[in-house]
Protein chains: 2
Amino acid sequence: MIENPKDVLILHFQETISLKENEISLVKNHFKIKELKKKEILIFPGDVSNHMQFIYKGCLRNYYMDQEAKEHILQFGIENWWVNDLYSYLTKTPSKQFVQAIEKSIILQIHRDSLNELFDQIPAIERFFRLKFEKAYVSLQDRTINTLSKTAEERYLEFRSQYRDIEQRVPQYMIASYLGITPEFLSAMRKKIAK
Amino acid sequence: MIENPKDVLILHFQETISLKENEISLVKNHFKIKELKKKEILIFPGDVSNHMQFIYKGCLRNYYMDQEAKEHILQFGIENWWVNDLYSYLTKTPSKQFVQAIEKSIILQIHRDSLNELFDQIPAIERFFRLKFEKAYVSLQDRTINTLSKTAEERYLEFRSQYRDIEQRVPQYMIASYLGITPEFLSAMRKKIAK
DNA sequence: AGACTTTCTTAAGGTACCTTAAGATTTAAG
DNA sequence: CTTAAATCTTAAGGTACCTTAAGAAAGTCT
């Protein structure tokens with residue numbers, strides 16, 4: 001039995017909502033498969049993000065670059081996650097961020113217009129995405145709170161226990177960037193923790 | 001001509017969407033007026049937030065308290081803003097935050113069930129709140145980015161130019177809390193900037 | 001007006017985290 | 001297998017921001 005990207009997507013939806021047979025094929029028809037090479041950039045600053053994208057295979061990151069050309073990672077994504085610059089997607093304004101494949105990846109994309117059609121045809125899908133947006137808000141708020149009130153070490157330990165799978169497949173300097181610290185300081189911290 | 005809280009609310013909606021006469025009275029009927037004394041707490045940790053609330057008069061803050069009993073302000077709100085713990089409201093889970101009146105305030109509240117009824121009756125209202133949620137997400141993301149990549153001084157100057165009205169009516173130690181620094185450090189910074 | 005509470009400032013000493021620079025290790029590419 | 005590229009570590013010196021503690025200033029209540 002061969003695993004098909006779109007079947008995986010349907011299973012993913014069905015963890016939250018239920019879909020009838022005809023709805024399933026409708027959903028499948030609206031998504032397109034896209035392959036990304038390692039380091040390929042999906043969204044550049046200045047682009048308007050017009051698609052929602054689901055990761056079938058691989059690993060991506062969402063980051064922005066500050067005035068001093070330093071990168072700050074906002075989010076990682078791996079299998080079964082959605083990645084996007086939601087800001088740009090929701091407001092239809094140019095992104096200030098990059099979305100880039102960290103590994104060779106396969107994603108499923110749906111255009112905003114196409115998704116809106118789906119919303120009209122399948123209310124459960126609209127519900128699904130509403131819940132996704134809520135979750136995105138919630139996890140962003142957790143991040144804000146953490147950044148304001150915890151030390152780098154606390155944040156690192158939390159990251160490690162929460163995202164062990166991610167920690168093991170992305171370079172450490174990216175984790176440092178996500179945590180808001182330098183790779184050197186992360187390295188020193190790890191040494192200290194190991195003892 | 002006396003200013004009525006509910007009329008102000010309707011004007012606020014009409015900056016974004018348009019409402020017919022019958023819709024206006026429908027909306028007005030769903031909101032309740034509530035007065036808050038200075039320092040009165042509207043949402044306690046553990047409460048589930050079941051209302052959206054619009055500030056007609058006054059000033060509120062949304063903060064949470066960490067393990068060391070330090071307060072971290074997430075948001076301020078003044079006239080014509082909405083305040084809430086959106087996290088709790090959206091997920092119907094107990095809040096981890098406080099929402100408190102900084103000044104004597106008058107707010108307009110609508111219960112989630114009541115708002116959902118309104119959504120069925122007036123699609124423009126649903127649209128209004130969808131846009132609000134998007135904006136909340138966007139500004140939260142701006143905050144996360146700022147906190148990760150800017151110094152306290154940069155954040156303070158930005159806060160000052162963006163929220164001059166708020167800066168002038170809340171105590172400085174609360175601004176420090178919002179910026180994620182100590183009041184002592186803010187005081188020192190201000191002295192330095194003034195020169 | 002006087003007393004209490006809240007808010008703001010000053011200062012000294014400390015810590016978390018940064019910068020720079022170089023070398024060590026691992027991974028990728030021919 | 002060899003070399004280059006990417007990643008991780010170490011170390012020294014620096015800076016942003018914190019802690020504690022105390023006093024000054026402003027606001028509130030009777």
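First the proteins, then the strands, lettered A, B, ... as listed; each starts at 1.
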Checklist entry - Name the one of Phe159(B), Tyr173(B), Tyr156(B) that satisfies ring pair (Phe, Tyr, Trp, His ring centres under 6.0 Å) with Tyr178(B)? => result Phe159(B)
Item to check | Presence of salt bridge, Arg190(A) and Glu167(A), under 4.0 angstrom | outcome: yes
Checklist entry - Between Thr182(A) and dC17(C), is there a side-chain N or O to OP1/OP2 distance below 4.0 Å? => result no
Checklist entry - Rounded to the nearest Å, what distance is computed from the NZ atom of residue Lys38(A) to the P atom of nucleotide dA5(D)? => result 15 Å
Checklist entry - Between Ala188(B) and Lys39(B), who's closer to the 5' end of DNA chain C by nearest nucleotide? => result Lys39(B)
Item to check | Ser49(B) and Asn84(B) side chains, donor-acceptor separation under 3.5 Å | outcome: yes
Checklist entry - Between Lys191(B) (NZ) and dA25(D) (P), how many Å, whole number? => result 13 Å
Next on the checklist: Output the rounded distance in Å from CZ (Arg190(B)) to P (dC8(C)).
Outcome noted: 8 Å
Checklist entry - Looking across every strand, which nucleic acid part, if any, lies under 4.0 Å from Lys70(B) by heavy atom: base, sugar-phosphate, or nothing? => result sugar-phosphate
Next on the checklist: Students often get this wrong, so: under 4.0 angstrom with heavy atoms, is Tyr173(B) touching a base, only sugar-phosphate, or nothing?
Outcome noted: sugar-phosphate
Checklist entry - Just checking Ala152(B): base, sugar-phosphate only, or nothing, at a heavy-atom cut-off of under 4.0 Å? => result sugar-phosphate
Next on the checklist: Check the phosphate of dT9(C) against Gln172(B), side-chain N and O only, distance under 4.0 Å to OP1 or OP2. Yes or no?
Outcome noted: yes
Checklist outcome for this item: note: Gln168(A), atom CD; dT7(D), atom P; distance rounded to Å ~ 18 Å
Checklist entry - Whole Å only: how far is the CG atom of Leu186(A) from the C1' atom of dC18(C)? => result 14 Å
Item to check | Length of the CE-C1' vector between Met189(B) and dT10(C), whole Å | outcome: 16 Å
Item to check | Value in whole Å for how far the C1' atom of dA6(D) lies from CD of Gln100(A) | outcome: 13 Å
Item to check | Sugar-phosphate, base or nothing in reach of Lys192(B), heavy atoms under 4.0 Å | outcome: nothing
Checklist entry - Are any of the side-chain nitrogens in Arg130(A) or Glu126(B) under 4.0 Å away from the carboxylate oxygens of its partner? => result no
Checklist entry - Taking NZ, NE, NH1 and NH2 as the nitrogens, is one of them in Lys34(B) or Glu40(B) under 4.0 Å from a carboxylate oxygen of the other? => result no
Checklist entry - Just to confirm, is there a sub-4.0 Å distance from OP1 or OP2 of dC8(D) to any side-chain nitrogen or oxygen of Ser187(A)? => result no
Item to check | Atom-to-atom span, CD1 of Ile181(B) to P of dT9(C) - whole angstrom | outcome: 12 Å
